[in-house]
Amino acid sequence: MDIVRIQDVPIDVNEGIAAIIDERAGGEAIFLGTVRNVFEGRASRGLFYEAYRDLAEKEMKRIEEELKREFDVLHVVMVHRIGELALGEIAVMVAVSAAHRHQAIRACEAGIDRIKSRVPIWKKERWADGKTAWHDDPEAGAGQMR
Amino acid sequence: MDIVRIQDVPIDVNEGIAAIIDERAGGEAIFLGTVRNVFEGRASRGLFYEAYRDLAEKEMKRIEEELKREFDVLHVVMVHRIGELALGEIAVMVAVSAAHRHQAIRACEAGIDRIKSRVPIWKKERWADGKTAWHDDPEAGAGQMR
Amino acid sequence: MAEITVLFFSYAADRMNGRQHRYTIEPGTTIGDLYRQEMEERLQQPVAAFMFSVNAEWAAPSQILHDGDEVAVIPPVSGG
Amino acid sequence: MAEITVLFFSYAADRMNGRQHRYTIEPGTTIGDLYRQEMEERLQQPVAAFMFSVNAEWAAPSQILHDGDEVAVIPPVSGG
């Protein structure tokens, strides 16, 4: 089964694993992106995510189709959470199954790389000092954000 | 937390994920090896795994230390199941967390590759026709097993 | 004349003081035209700093807008 | 004379008709010596086809065995 979804409730890893398990599969690769307590050397207390949901889900669906075509994977799960996330919480899950392990791992890595580079989702850092800043905001200061 | 274990009970993915989640981590990579219904083109109904447990756990512990040293990962979980496994069941779980996603994915892949090449564990295929054969048994026939 | 809606996200929404604006445009106006007329000054970046979509599909700055279109101004993405 | 235990796994256990054998060896006997004397004929492969361990640690075929050692004959591994 495939799942492509933006959601504002916590991500359930078991839902993703149940969706990709298949008797034809020898390998399942799962990637979880979680909220770090530091970004570029500065202490953080969490992240806020927003998405342009219609286009984001459409783009994730395209990535799903690319992974199936390029890596010969059986099932693809891509779920991204939005809203306020605490440290350690899961922001994104990518899970794929394939006949062989390297296909699964390569596809999983391509999945998260393409989500990060193409899907219209943005994160705002909530710094430990109380300030906030969107990632890639040119006015946030080169020393603070890339 | 790290886990390195050979066990004869089903693998609990949630145990592995709980062990590697860390506020310092931005990425968690999990690999599951599952029992396929076909091997080298021939229908299978399951696998039997055996291990030289003392040496296997020692070697897995060495791999854990290598991953931490080479990939700068925070936590490593490696659990391999032995005994009779049905189709679709999880035979092995490798799970790692790291600050950045590529470290986690690279370490996870190295972990399963090294388990497969170095840890004294063996599998016997239970073919759908009722026959059985150890993998790599030179007498099992070149056409049936690599 | 045509009525269009523009969605803003991330720091573009902060700079535009809102996540959604409505504009009335001349026939033949492109995304790039609208950006330079209505947004460039407040966003303080050239049109090339953003991606765009029309009706939830990617669109080039040269695309001509029509009545009822929903445009989105999309800063560099940072999901994951 | 020394008493040692040898463990067999996978198809090596099948061919040796058992997962564990005990042998009495001369002083100075190496793993390779023991293999050639007691196992090569039944396993039908040269010593290089296997890995070995002594007391649950990897060992070369040239390693000399001592009283009480537990040797393992380790076919190509196939875990995962």
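Here is the naming used below: chain letters follow the sequence lines, and residue numbers restart at 1 for every chain. Here the structure is a predicted model, which means the values were calculated and not measured.
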Start with the C-alpha distance between D:Ile74 and B:Trp122, add both sets of side-chain angles, then the distance that settles side-chain contact (heavy atoms from CB on, under 4.5 Å), and finish with yes or no.
CA-CA 10 Å; D:Ile74 298 178; B:Trp122 301 270; 3.5 Å; yes
Using non-hydrogen atoms only, which part of [X] is less than 4.5 Å away from chain D: side chain, backbone, both, or neither?
X: B:Ala51; value: backbone
X: B:Arg62; value: side chain
X: B:Arg118; value: backbone
X: B:Thr34; value: neither

Close side-chain approach of D:Ser53 to B:Tyr52, heavy-atom, < 4.5 Å
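With C-beta onward as the side chain, the pair touches.
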Is the backbone of D:Gly80 close enough, under 3.5 Å, to the side chain of B:Tyr49 for a donor and an acceptor to pair up by distance?
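Looks like yes, one N/O pair under 3.5 Å.
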Does a side-chain N-to-carboxylate-O contact under 4.0 Å join D:Arg15 and B:Asp137?
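Result for this pair is yes, salt bridge flagged.
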Closest non-hydrogen atom pair between D:Tyr11 and B:Asp136, with its separation:
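Minimum heavy-atom separation between D:Tyr11 and B:Asp136: CE2-O, 3.5 Å.
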Search all heavy atoms of D:Ala56 against all heavy atoms of B:Lys58 and return the closest pair with its distance.
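Nearest heavy atoms, D:Ala56 then B:Lys58: O-NZ, 2.6 Å.
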For B:Trp134, the option from D:Ser78, D:Pro76, D:Pro75, D:Ser10 that meets side-chain contact (heavy atoms from CB on, under 4.5 Å):
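The option that passes is D:Ser10.
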Identify which part of D:Asn55 has an atom lying under 4.5 Å from any heavy atom of chain B, answering side chain, backbone, both or neither.
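When you check distances to chain B, only backbone atoms of D:Asn55 fall under 4.5 Å.
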Check the pair D:Glu57 / B:Leu55 against side-chain contact (heavy atoms from CB on, under 4.5 Å), numbers first and verdict last.
CA-CA 6 Å; D:Glu57 198 42 82; B:Leu55 182 55; 4.3 Å; yes
To the nearest 0.5 Å, tell me how far B:Lys124 NZ sits from D:Asp14 CG.
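The NZ atom of B:Lys124 sits 6.0 Å away from the CG atom of D:Asp14.
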Could you check whether atom CD of D:Glu26 has more than 12 heavy atoms from other residues, nucleotides or ligands sitting under 6.0 Å from it?
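Count not over threshold, so no.
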